[in-house]
Amino acid sequence: MKKSVFFGALTVAGVAAGAAAAGTLDDVKARGTLNCGVTTGLVGFAAPDANGEWEGFDVAFCRAVAAAVLGDPKAVEFVPTTGKTRFTALASGEVDLLARNTTWTFSRDVDLKFDFIGVNYYDGQGFMIPKSLGVSSAKELDGATVCIQTGTTTELNLADFFRKNNISYEPVPIETNAEGQAQYLAGACDAYTTDASGLAATRASFENPADHVVLPEIVSKEPLGPLVRHGDNEWGDVVRWTLNALIAAEEMGVTSANIGDLSASAGDNPEVNRLLGTEGSLGEMLGLSADWAKSAIMAGGNYGEVFEKNIGENTPIGLSRGLNAQWTDGGLLYSPPFR
């Protein structure tokens with residue numbers, strides 16, 4: 001009996017090792033398409049437009065990875081996932097990459113066997129209420145009904161916040177942001193809680209956004225970032241350094257407007273040259289073409305361009321850079337060197 005149990009454990013380990021050894025990078029190249037897991041719909045981050053074309057901050061990252069690997073930012077199959085289904089979709093191989101407002105936590109990294117490849121948005125959980133409720137602080141929500149997505153960190157954060165402040169609440173479980181929005185607007189809950197960026201995106205889609213208020217409290221740290229499966233380091237490197245390329249490009253002044261000129265020939269900045277592949281062999285180290293980063297940046301611009309186009313202050317979402325500014329501007333964005 002012991003022998004068969006041991007053999008069974010070896011078999012499971014062997015299957016897992018075999019899956020990792022197969023290599024997602026090779027799979028994506030052979031398929032010619034990147035399968036990218038996104039949210040079921042959050043305006044500004046990931047949602048189909050009137051023509052069914054996906055667009056948004058997270059969508060732009062999927063397209064950058066597709067451009068880096070396949071040379072085509074449109075070679076992406078977007079797979080909508082909920083808070084409950086997203087991890088199964090990644091673990092099972094249904095998606096190659098998850099890029100959907102997912103918080104980097106200890107248990108998700110370690111226990112669920114995923115690798116977060118970086119942070120593309122530093123966020124925190126907040127609360128939105130109808131202005132007519134007359135509440136100015138989340139600490140005044142004693143006894144409130146609260147709409148909350150299941151399978152998310154917001155569930156635990158909500159419980160922690162109310163417990164710390166010795167107040168009570170009644171959760172109204174929802175599966176998707178669209179369901180939460182409908183329930184909230186129908187009055188099924190007094191408040192809606194999720195990441196502050198998600199609240200801003202949801203509020204912007206309302207017919208009368210001014211009738212709703214995002215309360216001042218930020219009750220958690222929510223470092224959001226793309227993630228891949230454990231044990232596939234080659235693919236993890238590709239996704240990680242694609243994000244770093246977008247961040248570094250902004251810091252170094254490489255934009256969608258000037259990248260053609262900068263990559264036409266080696267210039268005076270060695271790191272820009274290495275980033276764009278006009279010198280060095282960084283692309284070869286990743287198993288990609290020399291101009292992989294150039295392709296990624298051209299897909300939608302550098303990090304700052306992607307931010308401003310999709311969720312920035314001049315969009316209906318209206319988010320300021322805040323913690324998501326470059327480290328040189330007092331934010332937390334910082335890419336390791338390209339050398």
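Positions are given from 1, in the same order as the sequence printed here. Being a predicted model, the structure only gives us computed values, none of them experimental.
Between Arg108 and Thr153 the shortest side-chain heavy-atom distance falls below 4.5 Å. Residues Ser168 and Asp142 form a side-chain contact, since some pair of their non-hydrogen atoms from C-beta on lies under 4.5 Å apart. Between Val146 and Leu141, the closest side-chain pair of non-hydrogen atoms is not below 4.5 Å. Between Ile317 and Asn310 there is no side-chain heavy-atom pair separated by less than 4.5 Å. Two residues are said to be in side-chain contact when any heavy atoms from C-beta on lie closer than 4.5 Å; Asn177 and Tyr192 meet this criterion.
Atoms SG and CD, from Cys147 and Gln181 in turn, are 11.0 Å apart once rounded to the nearest 0.5 Å. Here the CD-CZ distance, from Glu55 to Phe45, works out to 13.5 Å after rounding to the nearest 0.5 Å. The distance from the CG atom of Leu90 to the NZ atom of Lys113 is 14.0 Å, given to the nearest 0.5 Å. For the atom pair CG of Leu98 and CG of Asn101, the computed distance is 9.5 Å after rounding to the nearest 0.5 Å. Atom CG of Asp190 sits about 3.5 Å away from atom OG1 of Thr145, to the nearest 0.5 Å. With rounding to the nearest 0.5 Å, the separation of CG in Leu34 from CG in Leu97 is 6.0 Å.
A donor-acceptor pair under 3.5 Å is formed between the side chain of Asn302 and the backbone N or O of Val254. Between the His230 side chain and the Asp109 main chain, a donor and an acceptor come within less than 3.5 Å of each other. Side chain of Trp235 to main chain of Asp96: a donor-acceptor pair is present (N/O by atom type, distance under 3.5 Å, no hydrogens or angles). In terms of modelled atom types and a separation under 3.5 Å, the side chain of Arg63 and the main chain of Gly300 share no donor-acceptor contact. In this structure, Gln326 contributes its side chain and Glu250 its backbone to no donor-acceptor pair below 3.5 Å. At distances below 3.5 Å, at least one donor-acceptor pair connects side-chain atoms of Arg86 with backbone N or O atoms of Gly151. A donor-acceptor contact shorter than 3.5 Å is absent between the side chain of Asp232 and the backbone of Gly23. Listed for the Asn269 side chain is a donor-acceptor partner under 3.5 Å among the backbone atoms of Val272.
For the residue pair Lys29 and Leu70, the shortest heavy atom distance occurs at CA-CD2, 3.9 Å. Across all their heavy atoms, Ala188 and Val172 have their closest contact at O-CG2, 3.7 Å. Closest heavy-atom contact between Pro73 and Ala299: CB-CB, 3.8 Å. Across every non-hydrogen atom of Pro80 and Trp54, the tightest pair is CG-CZ2, 3.8 Å. What you find for Ser136 and Leu215 is that their closest heavy atoms are C-CD2, 3.8 Å. Looking at every heavy atom in both residues, Pro223 comes nearest to Val119 through CB-CG2, 3.9 Å.
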For this session: Take Thr193 and Gln125 through the test side-chain hydrogen bond (donor to acceptor under 3.5 Å, both in side chains) and record every step on the way to the result.
Result: CA-CA 7 Å; Thr193 185; Gln125 184 175 333; 2.8 Å; yes
For this session: Applying salt bridge (charged side-chain N to carboxylate O under 4.0 Å, His left out), run through Asp237 and Arg240 and close with a yes or a no.
Result: CA-CA 5 Å; Asp237 286 343; Arg240 177 180 299 106; 3.0 Å; yes
For this session: Evaluate the criterion side-chain hydrogen bond (donor to acceptor under 3.5 Å, both in side chains) for residue pair Asp195 and Ser197; output intermediate values, then yes/no.
Result: CA-CA 5 Å; Asp195 298 338; Ser197 64; 5.1 Å; no
Exercise. Going through the checks in order, is the side chain to side chain contact (heavy atoms under 4.5 Å, CB included) test met by Arg274 and Arg339?
Worked result: CA-CA 7 Å; Arg274 290 191 292 270; Arg339 61 169 60 258; 3.5 Å; yes
For this session: For side chain to side chain contact (heavy atoms under 4.5 Å, CB included), just list the numbers for Leu275 and Ile297, CA-CA rounded to whole Å, side-chain angles, deciding distance to a tenth of an Å, and then say yes or no.
Result: CA-CA 10 Å; Leu275 175 69; Ile297 297 161; 4.2 Å; yes
Exercise. Asn157 and Phe161: side chain to side chain contact (heavy atoms under 4.5 Å, CB included), yes or no, with the steps?
Worked result: CA-CA 6 Å; Asn157 295 335; Phe161 176 77; over 6 Å; no
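A cation-pi arrangement, defined by a distance under 6.0 Å to the six-membered ring centre and an angle within 45 degrees of its axis, is present between Arg321 and Phe307.
Taking the six-membered ring for Trp and thresholds of 30 and 60 degrees, Phe57 and Tyr121 have ring planes more than 60 degrees apart, a perpendicular arrangement. Ring geometry for Phe338 against Trp241 counts as perpendicular: the plane angle is over 60°, on a 0 to 90° scale with 30° as the lower cut.
In the hydrophobic clustering of ILVMFWY residues, with side-chain heavy atoms under 4.5 Å counting as a link, Leu42 and Tyr184 come out apart. Both Met298 and Met252 belong to a common hydrophobic cluster when Ile, Leu, Val, Met, Phe, Trp and Tyr are linked at side-chain heavy-atom distances under 4.5 angstrom. Grouping the Ile, Leu, Val, Met, Phe, Trp and Tyr side chains by contacts below 4.5 angstrom, directly or via other members, places Tyr122 with Leu246. Residues Ile174 and Leu185 are members of one and the same hydrophobic cluster, defined by side-chain heavy-atom contacts under 4.5 angstrom among Ile, Leu, Val, Met, Phe, Trp and Tyr. Both Ile117 and Leu332 sit in one connected hydrophobic cluster of ILVMFWY residues. Membership requires side-chain heavy atoms under 4.5 Å apart, directly or through other members.
For the pairing with Phe61, the side chain to side chain contact (heavy atoms under 4.5 Å, CB included) check across Leu243, Val38, Val306 returns one residue only, Leu243.
The residues Lys139 and Glu217 are annotated as not salt-bridged, no charged nitrogen and carboxylate oxygen being separated by less than 4.0 angstrom.
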